[in-house]
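Note that this is a predicted model, so its numbers are computed, not measured. In what follows, every chain begins at residue 1, and chains take the letters A, B, ... in the order their sequences are listed.
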Amino acid sequence: MRRLLAARAAQAVVVVAVVATVVFALIHLAPGDPFGAALESGRVSPEVRAEWRARYGLDRPLAEQYVRWIGSVARGDLGWSFSRNRPVAGALASALPNTLVLMGTALLLSIALGIAAAVLQAARRGSLVDRGSSALLLVFYSMPEFWLGLMLLLAFAYELPIFPVSGVVDPVMHEYMGTWGRFVDRVRHLALPALTLTLLLSAAIARHQRAALLDVARADFTRTARAKGLSPRAVLLRHALRNSLGTTITLLGLMFPALLGGAVIVETVFAWPGMGSLATSAIAQRDYPLVSATAIVGAVMTVAGSVIADVLGATADPRLRDA
Amino acid sequence: MSERAAGVRPLVSVRDLAVHFPVKKGVLGRAKGAVRAVDGVSFDVFPGETLALVGESGCGKTTTGRAVLRLVEATAGTILFDGTDVRALKAEPLRKLRRQMQIVFQDPFSSLNPRMTVGATVREGLVIHELAEGAEADARVRRLLEEVGLRPDQASRYPHELSGGQRQRVGIARALAVEPRFIVCDEPVSALDVSVQAQVVNLLQDLQRDRGLAYLFIAHDLSVVQHVADRVAVMYLGRIVETAPGEALYDEPLMPYTQALLSAVPVPDPDAKRQRIVLSGDVPSPAAPPSGCVFHPRCHHPARDAACARIVPPLEPKGEMSGSGKSAGAPHLVACIKQPPTTVDDATQRAAGATHPPQRYLPVVGAR
């Protein structure tokens, strides 16, 4: 296990460095720069823009800029965000928790929902419950997240206004609420964006988990369990489920980037001030350090996700422990 | 079937067992015909004896074994376990009865839960049937492991850390844990190394002697069967075609199919004089079994004729009552209208197009 972790950490460093380099190259290849057309103020004269570029070193050769930037990133200094006019680290620090709350909630809910649906479907294979819920989840699975988000907004924020339209908290009233009130306010704001991601994710989890369960249900050792005299429920939960969780764990590791990508879009739909919104606006304004930083955070989260999946998988399956 | 040793009641009694699997076609999954995996099988297993069920792959022997324990549902027939109608049992009483009838599976690699330690696997049966719990259950697990030739400290191992033979011993310990009276051994050694096979077979025999277990021993390896079986039932295409005490079957195989099977057993004697019977063609599909005697298209009996395709041969007594020891008095039953004596008389046979009268045919095929 320790060797596995060390190897994966070394891999992670390489992956993050490569991602950072690629993103640096991409964003510099894109037309414009932080003080070009993206800086929407006609009153800034070309001379001033040139002076700013010189001050931030943007007039130097690209190679030199890269070396300086990657050197400072390696030392932990992510630089200064031109568009937000504050340190990049500060911008990340205020956005990251929002994204983590959204993703974490969606992840937990969809694991619970997906596995519960799969167990129900596998226990009543071929029944109306199985076919009906499979079809319903397939519908959600096929929907683009922005459309699903908009439909949920239309349904539960406009036609039936139970949830707020956007944001993390109520922009006016939050300040005047008690501790409990503030918590409820946050949960109400979290509900729709988290639900959007949950529906998408749990559909994928349920489909894979159901297939894995049925696979294991055919395995000899579940027959052994039945022959021992276990009840069908015990066979399903104690023997089949435990042996089929590996699929879902691996799947979650693989789905982590998709979840992150989905979160970016969902954040835009619901004006959720997280990493997604931060990255989108940073790209629009050619905020080089901020774009690169969000990409690095994304890469770190992705790698962390797959390492966590590996570790969980090894914990759940004794055969992988020595690997 | 057998009325021997008056007063001894069979532990397991199976009559006209049939297991048909529907063949589904199309999107709607409508049944289009059925695979007759087991089609009218009857046999008894007496306390403390081993009945071997032999036949080639796909003849329905494994399905028969599983149907007896209701691991697959039978389509028709009766299964009595010590007088209890197994097929009529509801889930809970069936679960309770599983304590008395166990199974050892063929594949020791896939039949153990890979996420459970060996000890947990063996222990589970004890706990669910409320035979022992806590420290007592642990002690029982250690004793069981010792009894099957494993070290008690191997209880904390996972199946993937053990060899095939060791795993099969775990499978046996697991089955023994609930103190059954009857064990279906579904090709328990065919997945094992030949050198390990003998050890496991001997273990099964020792356990039978010590605990008075009854075995339904499913196998395709006739030399293993010869070693363990008191009686042998030969299956072909879902039917029992011959059943006899072990020695009788090997000395005097009367069903042409049995003769072919025995002639395929290698004999460790290069000078042995015997006929090699090579069957032509493949096993017919159990979805469309041949009419009459299911074996007639491949039969090599010299008297085989048109009647064989029309008359379903009854499983009737032939040969001598040659059983000894545990199988004393067990009849030798054969399903062949061309091996005399037969209850299907000449007139009936001729009416069905027979051109040959029944004729005793016994090629030298065995090792003895």
Assert top hit (heavy-atom pairs under 4.5 Å, partner chain A, pool B:Arg115, B:Arg95, B:Arg70, B:Arg98) equals B:Arg115
Ranking B:Pro180, B:Pro114, B:Ala177, B:Gly171 by heavy-atom pairs under 4.5 Å to chain A gives rank one to B:Pro114
**Report entry** Heavy-atom donor-acceptor pair, A:Lys228 side chain to B:Thr121 backbone, under 3.5 Å
**Finding:** yes
Rounded to the nearest 0.5 Å, the CG atom of A:Asp220 sits from the OG atom of B:Ser111 at a distance of 6.0 Å
Value for CD (B:Glu124) from OG1 (A:Thr224), rounded to nearest 0.5 Å, stands at 10.5 Å
Within the side chain of A:Arg226, is there an N or O that forms a donor-acceptor pair under 3.5 Å with the backbone of B:Leu71?
-> yes
Other residues, nucleotides, ligands: >12 heavy atoms within 6.0 Å of B:Phe21 CZ: yes
Per-residue tally against chain A (heavy atom, under 4.5 Å) across B:Met101, B:Gln102, B:Gln106 peaks at B:Gln102
Distance col, row A:Arg242:CZ vs B:Met116:CE, nearest 0.5 angstrom, shows 6.5 Å
*Around atom CD of B:Glu133, are there more than 12 heavy atoms of other residues, nucleotides or ligands at under 6.0 Å?*
no
Exercise. Would the number of heavy atoms belonging to other residues, nucleotides or ligands and lying under 6.0 Å from CD of B:Glu92 be above 12?
Worked result: yes
Bottom line for A:Ser231: the part with an atom under 4.5 Å from chain B's heavy atoms is both
In A:Asn243, A:Val216, A:Thr222, the residue satisfying side chain to side chain contact (heavy atoms under 4.5 Å, CB included) with B:Asn113 is A:Asn243
Separation between CZ (A:Arg223) and OG (B:Ser110), nearest 0.5 Å, reads 8.0 Å
Note to self: For the NE2 atom on A:His208, are there more than 12 heavy atoms of other groups (residues, nucleotides or ligands in this structure) within a distance under 6.0 Å?
What the structure shows: no
Query raised in the report: If you count the non-hydrogen atoms of other residues, nucleotides and ligands that lie under 6.0 Å from CG in A:Leu160, is the total more than 12?
Result: yes
